[in-house]
**Q** 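Have a look at this one.
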Amino acid sequence: MARSYLTELDLTPEESLAILADADRMKAQRKDGAHRTDLAGKHVAVYFEKPSVRTRISFTVGVHELGGQVVELTAGNTKLGHGEELEDFARVVSGYVHLFVARVFSQQSLRDMAATATIPVINALSDERHPCQALADVMAIREKVGRIEGVKFVYVGDGNNVAASTGLLAAALGADVYVCSPDGYRLPDGIMAEAQGLKGRLTQLTDPREVVKGADVLYTDTWISMGQEAEAEGRRKIFKDYRITEAMVAEAGPQAWVMHCLPAVREEEIEKSVMYGAQSAIWDQAENRLHAQKALMRFLMSGA
Ligand code: CP
Ligand code: NVA
């Protein structure tokens, strides 16, 4: 079976660091107009069950920059749910293309696809995880803070897919991670169990004020993830004190970098002035999706 990237812990810490170093190199070389042919003659299928801006564009451009071609599939232009099962779809598609990138609702769908696909499958977000975001985030932290090991990483908000993946990858690489969420919206027990034994600690808290001071990174994400629209009103009330504000950034200190995977709902989970402030690393994170995913694709296609 081909090596897939369904969760951020599918790579060893050494492999993640090697991919991040490759991403750093390609980011620098891209400015010099470097041309690569790693995916020459190869096709990549990108499949989306949910909408996307950053992931769709960064994968499409990334594949093209490596010399490959993209086939775009969605729930609307396939026969899934109309007589075709995901496992059969993955098996057939892997007879045509060399790499599968999929954004789905259920993490189990990715496991089913990877079980029958004969090519690598990359998780482009599920309800449970967002491991490509995690790679780009750690890349940005290393650029801004200068390291990942020992970094104090404070996540404020919903214990969702982004909190899980970026929290686990940062902890795997030695960061001290705190995820601060209201009761009922904490990281799932399974994610906390996966954090056991990692190099850094992942601690779940309720009140961010306990740990904000001295944070190197303050991270947040939307209160209403894709698929949770019906809960929007209730969630806005529950999360109202889990907003990254100017006051919170000042409390953290001048060393703190503010992060958000985007898209952001300004004045809900983050103040607009913080997004555009001098301590924002948000735009670097978004750009790094391209570089980190190119490095990930090179790694998986090398047959590692
Ligand atoms: N951060 C992120 O994955 O953005 P998209 O949903 O636009 O791809
Ligand atoms: N938690 C968000 C992330 C979007 C990139 C969602 O799943 O909608």
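Each ligand, and each atom within it, is numbered from 1 in the order the structure gives. If you read the sequence from its start, that first residue is 1, and numbering goes on from there.
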**Q** Identify, by atom number and element, the atoms of ligand 1 in contact range of Cys261, meaning under 4.0 Å from any of its heavy atoms.
**A**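 Per the distance check, 1 (N).
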**Q** Run the contact test for Leu125 against ligand 1 with a 4.0 Å cut-off on heavy atoms, strictly below, and give the result.
**A** no
**Q** Can you tell me how the ring of His43 sits relative to the ring of His98, calling it parallel under 30°, perpendicular over 60° and tilted otherwise?
**A**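 Correct class here is parallel.
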**Q** Measure the distance from atom 3 (C) of ligand 2 to every protein heavy atom, then report the residue, atom name and distance (to 0.1 Å) of the closest one.
**A** Asp221 OD2, 3.6 Å
**Q** Any nitrogen or oxygen of Met226 lying under 3.5 Å from a nitrogen or oxygen in ligand 2? Just yes or no.
**A**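 Yes, Met226 has an N/O under 3.5 Å of an N/O on ligand 2.
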**Q** Starting from atom 3 (O) of ligand 1, which protein heavy atom do you reach first, and at what distance in Å?
**A** His130 NE2, 2.8 Å
**Q** What protein heavy atom sits nearest atom 4 (O) of ligand 1, and how far away is it?
**A**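 I find the closest protein heavy atom is Arg54 NE, 2.8 Å.
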**Q** Once you measure the plane-to-plane angle for Tyr47 and Phe100, does it fall in the parallel (<30°), tilted (30-60°) or perpendicular (>60°) bin?
**A**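 Perpendicular.
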**Q** Short question: side chain of Glu229, backbone of Gly227 - any donor-acceptor pair under 3.5 Å?
**A**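 Side chain of Glu229 to backbone of Gly227, a donor-acceptor pair under 3.5 Å: yes, one is there.
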**Q** With a 3.5 Å cut-off and no angle check, do the side chains of Asp221 and Tyr219 form a donor-acceptor pair?
**A** no
**Q** Which residue holds the protein heavy atom closest to atom 7 (O) of ligand 1, what is that atom called, and what is the gap in Å?
**A**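 Protein heavy atom at minimum distance: Val53 N, 2.7 Å.
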**Q** Is it true that the side chains of Asn160 and Gln228 contain a donor and an acceptor less than 3.5 Å apart?
**A**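 Distance-only check fails for Asn160 and Gln228.
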**Q** Under a 3.5 Å cutoff, is there a donor and acceptor pairing between the side chains of Ser106 and Arg111?
**A**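 No, no side-chain donor-acceptor contact under 3.5 Å.
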**Q** Do Gln107 and Ser126 meet the criterion of a side-chain donor-acceptor pair at a distance under 3.5 Å?
**A** yes
**Q** Identify, for atom 2 (C) of ligand 1, the protein heavy atom at the shortest distance, and state residue, atom and that distance.
**A** Arg289 NH1, 3.3 Å
**Q** So which heavy atom in the protein is nearest atom 4 (C) of ligand 2, and how far is it from that ligand atom?
**A** Leu125 CD1, 3.9 Å
**Q** Are Lys50 and Phe105 in a cation-pi contact, defined as NZ or CZ under 6.0 Å from the six-membered ring centre and within 45° of the axis?
**A** yes
**Q** Look at ligand 1 and say whether Arg103 reaches it with a heavy atom at a distance under 4.0 Å.
**A**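 So Arg103 counts as touching ligand 1.
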**Q** Heavy-atom contacts under 4.0 Å between Asn161 and ligand 2: side chain, backbone, both, or neither?
**A**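 For Asn161, the contact with ligand 2 is made by the side chain alone.
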**Q** Output yes when the distance from some N or O of ligand 2 to some N or O of Arg103 is under 3.5 Å, and no in every other case.
**A** no
**Q** If the cut-off is 4.0 Å to any non-hydrogen atom of Thr55, which atoms of ligand 1 fall inside it?
**A**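 Near Thr55, meaning under 4.0 Å from one of its heavy atoms, ligand 1 has 2 (C), 3 (O), 5 (P), 8 (O).
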**Q** Run the numbers for me: atoms of ligand 2, each under 4.0 Å from some heavy atom of Leu262, listed by number.
**A** 5 (C)
**Q** Roughly how far, to the nearest 0.5 Å, is the CG atom of Asp38 from the CE atom of Met26?
**A**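 Rounded to the nearest 0.5 Å, the CE-CG separation comes out at 7.0 Å.
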